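First comes the structure, then the notes that go with it.
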Protein chains: 2
Amino acid sequence: MTTHLQKPGHLETPGDLEETGRPDETGRVTLADVAEAAGVSEITVSRVVRGLANVSPATVFKVEEAIARTGYLRNRLAGAMAGAVSNQIAVILPSLSNSVFADVLNGLEVRLQSAGFHSVLGISNYDSDRETKLIESLLGWRPAGLVIAPTELSQRALQLLRRVRVPTVEVMDIDRDPLDMVVGISHRQAGKALAYYLIGRGYRSFGYVGHDIESDHRAAIRRDGFRAALCENGLDFETEATAAAVSSVPLGRELTAGLLGQGAPRLLYFSNDDMAMGGLFEAMARGLQVPRDLAIAGFNGLQIGQSAPVALTTVESHRALIGQRAADQLLARFAGQAVDRRIDVGFTLLPGASA
Amino acid sequence: MTTHLQKPGHLETPGDLEETGRPDETGRVTLADVAEAAGVSEITVSRVVRGLANVSPATVFKVEEAIARTGYLRNRLAGAMAGAVSNQIAVILPSLSNSVFADVLNGLEVRLQSAGFHSVLGISNYDSDRETKLIESLLGWRPAGLVIAPTELSQRALQLLRRVRVPTVEVMDIDRDPLDMVVGISHRQAGKALAYYLIGRGYRSFGYVGHDIESDHRAAIRRDGFRAALCENGLDFETEATAAAVSSVPLGRELTAGLLGQGAPRLLYFSNDDMAMGGLFEAMARGLQVPRDLAIAGFNGLQIGQSAPVALTTVESHRALIGQRAADQLLARFAGQAVDRRIDVGFTLLPGASA
DNA sequence: TTGAAAGCGGTACCAT
DNA sequence: ATGGTACCGCTTTCAA
């Protein structure tokens with residue numbers, strides 16, 4: 001073995017005293033070191049490390065002992081380079097400040113982790129350029145799969161994805177045609193279903209309170225669906241209060257406060273549950289009775305909304321399930337199974353008490 | 001170039017029609033292909049790709065044109081193998097269902113992403129064995145750094161970390177001595193500070209409502225700190241309601257309901273804001289006046305608590321900041337700068353109105 | 001069940 | 001500013 005420079009920040013130590021089977025000049029323990037320590041070939045050690053079946057128990061024992069003695073740590077970089085499939089999955093989400101995507105990521109991790117995969121994360125911040133850069137950078141690691149909650153896939157992004165042909169799952173929104181696979185719900189239908197329900201409950205006067213819909217196109221689609229259902233019944237939003245900011249409880253509260261000053265409609269439809277909780281809090285703070293004085297509806301089915309003194313009327317979007325199913329799709333594909341291109345996990349109307 | 005099998009799920013296509021500079025039998029475009037297309041050497045292309053300065057503008061132009069024409073996609077696996085530092089940072093968190101860690105991750109991503117790094121995620125689920133496995137698996141990718149919110153580092157985990165010598169930041173809790181660097185707050189002091197404040201406000205009757213403290217040792221430390229401050233004043237918790245479950249709003253509500261049946265103490269200290277919101281909701285649902293009939297205090301300073309009709313009395317734990325500072329520590333270390341081993345981001349008492 | 005040889009696609013080092 | 005050469009550490013293929 002020739003000498004070579006240590007990588008910055010990666011100086012593996014020879015190990016303390018007793019566990020120094022083959023100290024080695026550089027301090028790094030490789031497959032070759034373990035092989036020598038165990039008296040077998042490199043490839044045999046490799047087989048043991050990867051848990052392949054065709055190694056005799058006696059050899060496995062010798063090798064495992066040598067691994068422990070030398071303090072060998074598998075190098076997946078070299079493995080992936082040599083042609084083994086990566087256990088990394090690129091995951092691109094628009095945001096992490098919104099708990100919605102944290103939920104999706106959580107669902108993903110549950111499944112991926114138990115199958116031995118890791119997520120490599122990118123946050124696009126609802127920015128198409130950043131999204132493109134992230135795709136390029138993450139694909140450079142040759143991940144086994146890609147999960148993306150797309151913002152607006154650029155031409156370059158589409159080109160990259162077509163070229164690399166990595167198994168890809170688009171998540172959240174099934175209203176558009178997928179590149180490869182898609183898991184989510186129809187946000188348009190979710191918006192419509194809620195409107196139908198509310199109309200059925202007798203509401204006829206509606207207002208909309210929303211966050212930045214320019215970047216969050218799924219929220220825009222929900223609103224469109226909601227409005228379409230209103231139109232079918234000869235109705236429309238009487239007022240809309242929106243702000244070009246990310247959704248949050250205080251924003252919902254603030255916009256609601258603005259509306260309440262000027263004779264608000266009977267029911268306010270919020271762009272999501274965070275915003276709706278703000279509306280609910282504002283109503284409570286003013287001593288209004290919900291839903292008698294003001295009815296409120298949201299979207300997502302966040303747990304906190306269901307635990308509020310007046311449970312939120314909303315639509316459960318099964319976010320963790322979306323993550324899990326997305327992971328399942330990838331895993332099935334890896335296993336060579338045929339999979340559906342499109343999975344609709346469905347939504348659930350939560351009647352609540354706020355409308 | 002010899003023939004070789006395509007990796008499953010990674011068949012890079014030759015590119016469509018016009019952009020096929022060098023189709024290549026396997027469909028993969030390598031540095032060599034770009035070099036040939038540009039009429040320069042591989043190493044020159046490599047320099048351009050990495051944005052190194054010592055290449056003439058004319059050459060850069062030629063190479064970039066060749067890259068676009070061939071549809072080359074950088075292979076970071078090979079780069080990292082050959083000795084370039086990885087742009088991956090291993091991140092191990094106990095949970096993602098709790099928004100606290102999503103906030104930390106968000107803070108990390110903000111900084112890491114803008115410096116060109118990616119997080120590779122592992123969720124330990126508050127399980128020491130899983131944590132150890134994750135460390136081993138993630139370190140196998142030879143990340144440039146590691147950020148971990150430790151659960152309980154096993155002997156094997158410590159051995160691995162010492163051996164690999166990857167720059168490591170422990171986050172959340174600075175009450176213990178760090179392996180390498182640590183960024184967070186003293187949860188013990190946070191608990192104490194809140195208790196002092198409440199005692200100063202005249203409260204003398206306290207109860208504790210908590211989630212599974214076996215696994216969430218930081219919550220346990222806060223409670224210990226709080227109690228220590230009580231003891232200094234000859235006080236103690238009059239009652240404790242705990243459950244061996246993860247923290248959640250409904251759990252907080254349920255445990256509070258249990259306590260309120262039996263003449264609850266004057267003030268309830270909750271293990272965190274999720275739990276406290278549950279308490280607040282239960283009080284509101286019963287028509288109790290907060291803080292007149294029941295005072296409530298939490299921990300974390302979640303935004304929603306501050307937007308509630310009665311703003312939550314709590315301690316802001318600056319989670320996103322912890323993530324950012326952790327990233328900064330790593331980046332500074334990569335830049336060869338000397339860094340503090342311990343960074344206390346501090347906490348902020350939010351007086352609120354619930355106590 | 002085990003092993004030998006040939007890369008995988010880059011980058012570091014040292015020249016020029 | 002540019003290039004030649006020698007690996008990085010592992011897994012694949014083929015043979016025994």
Side-chain angles (χ1 to χ4, degrees), chain A residues 1-8 10 12 22 24-36 38-63 67 70 72-87 140-142, chain B residues 1-8 10 12 24 26-36 38-63 67 70 72-87 140-142:
Chain A
M1 186 177 278
T2 64
T3 63
H4 79 282
L5 284 194
Q6 301 276 1
K7 284 195 235 181
H10 253 305
E12 288 167 36
R22 281 231 49 256
D24 179 282
E25 310 77 65
T26 75
R28 267 168 174 122
V29 182
T30 71
L31 222 45
D33 299 324
V34 179
E36 188 183 330
V40 297
S41 70
E42 289 184 43
I43 183 63
T44 297
V45 178
S46 174
R47 286 179 180 126
V48 172
V49 167
R50 285 178 292 156
L52 300 190
N54 49 347
V55 185
S56 77
T59 307
V60 170
F61 182 84
K62 272 194 306 186
V63 170
I67 287 173
T70 54
Y72 171 74
L73 177 65
R74 187 174 175 185
N75 185 338
R76 308 209 64 131
L77 246 27
M81 258 294 286
V85 264
S86 168
N87 73 342
W141 283 102
R142 303 297 190 267
Chain B
M1 185 178 280
T2 64
T3 63
H4 78 282
L5 284 195
Q6 301 277 1
K7 286 193 233 181
H10 252 306
E12 288 168 36
D24 179 283
T26 75
R28 267 165 172 125
V29 182
T30 72
L31 221 45
D33 299 324
V34 178
E36 188 184 331
V40 298
S41 70
E42 291 184 42
I43 185 67
T44 297
V45 178
S46 175
R47 285 179 181 128
V48 172
V49 167
R50 284 178 291 157
L52 300 190
N54 49 348
V55 185
S56 78
T59 307
V60 169
F61 182 83
K62 272 195 305 187
V63 170
I67 286 174
T70 54
Y72 171 74
L73 176 64
R74 187 173 175 184
N75 186 338
R76 310 210 65 132
L77 248 25
M81 259 293 288
V85 265
S86 168
N87 73 342
W141 282 101
R142 302 298 189 267

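Letters A, B, ... mirror the listed sequences (proteins, then strands); counts begin at 1. Keep in mind that this is a model prediction, so the values were computed, not measured.
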Self-check item: Nucleic acid contacts of residues 43-52 of chain A, taken as heavy-atom distances under 4.0 Å to DNA chain D
Solution: A:Ile43, A:Ser46, A:Arg50
Quiz item: Rounded to whole angstroms, how far apart are CG on B:Asp33 and C1' on C:dG10?
Solution: 13 Å
Quiz item: B:Arg28 has an atom CZ; how far is it from atom P of C:dG10, in whole Å?
Solution: 11 Å
Exercise. May I have the distance from A:Lys62 (atom NZ) to C:dT1 (atom P), rounded to whole angstrom?
Key: 14 Å
Practice problem: Between C:dG10, D:dT11, C:dA4, spot the one nearest the side chain of A:Ser41, thanks. | Solution: C:dA4
Exercise. Verify whether one side chain among A:Trp141 and B:Asn75 offers a donor that lies under 3.5 Å from an acceptor in the other.
Key: no
Quiz prompt | Residues within residues 53-60 of chain A bordering DNA chain D, heavy-atom distance below 4.0 Å | solution = none
Quiz item: So which nucleotide from D:dG9, C:dG10, D:dG3 ends up closest to the side chain of A:Ala78?
Solution: D:dG9
Exercise. Check the distance between C:dA4's P and A:Leu31's CG and give it to me in whole angstrom.
Key: 14 Å
Practice problem: Using a 4.5 Å cut-off on heavy atoms from C-beta on, say whether the side chain of A:Arg50 contacts that of A:Arg74. | Solution: yes
Practice problem: Rounded to the nearest angstrom, tell me the gap between atom CZ in A:Arg74 and atom P in D:dC10. | Solution: 10 Å
Practice problem: Answer yes or no: does a side-chain N or O of B:Arg76 lie under 4.0 Å from OP1 or OP2 of C:dG10? | Solution: no
Quiz item: Between B:Arg142 and B:Ser86, what is the shortest heavy-atom contact and its length?
Solution: O-CB, 3.5 Å
Quiz prompt | Closest nucleotide among D:dC10, C:dG9, C:dG10 to the A:Met81 side chain | solution = C:dG9
Practice problem: Calculate the interatomic distance between B:Glu42 atom CD and D:dT2 atom P; express it in whole Å. | Solution: 16 Å
Quiz item: Of the nucleotides C:dA4, D:dG3, C:dG7, which one has an atom closest to the side chain of A:Ala82?
Solution: C:dG7
Practice problem: Could you tell me the separation between the CG atom of B:Leu73 and the CD1 atom of B:Ile67, rounded to the nearest 0.5 Å? | Solution: 10.5 Å
Quiz item: Could you state the interatomic distance from CG (A:Asn54) to CZ (A:Arg47), rounded to the nearest 0.5 Å?
Solution: 5.5 Å
Exercise. To the nearest 0.5 Å, tell me how far B:Met81 CE sits from B:Arg76 CZ.
Key: 15.5 Å
Quiz item: Can you name the residues that form a side chain to side chain contact (heavy atoms under 4.5 Å, CB included) with B:Thr59, not counting sequence neighbours?
Solution: B:Val40, B:Thr44, B:Val55, B:Ser56, B:Val63
Self-check item: Atom pair CD1/CG of A:Ile43 and A:Leu31 - distance to nearest 0.5 Å
Solution: 8.0 Å
Quiz item: With a 4.5 Å heavy-atom cut-off, do B:Thr30 and B:Asp33 have their side chains touching?
Solution: yes
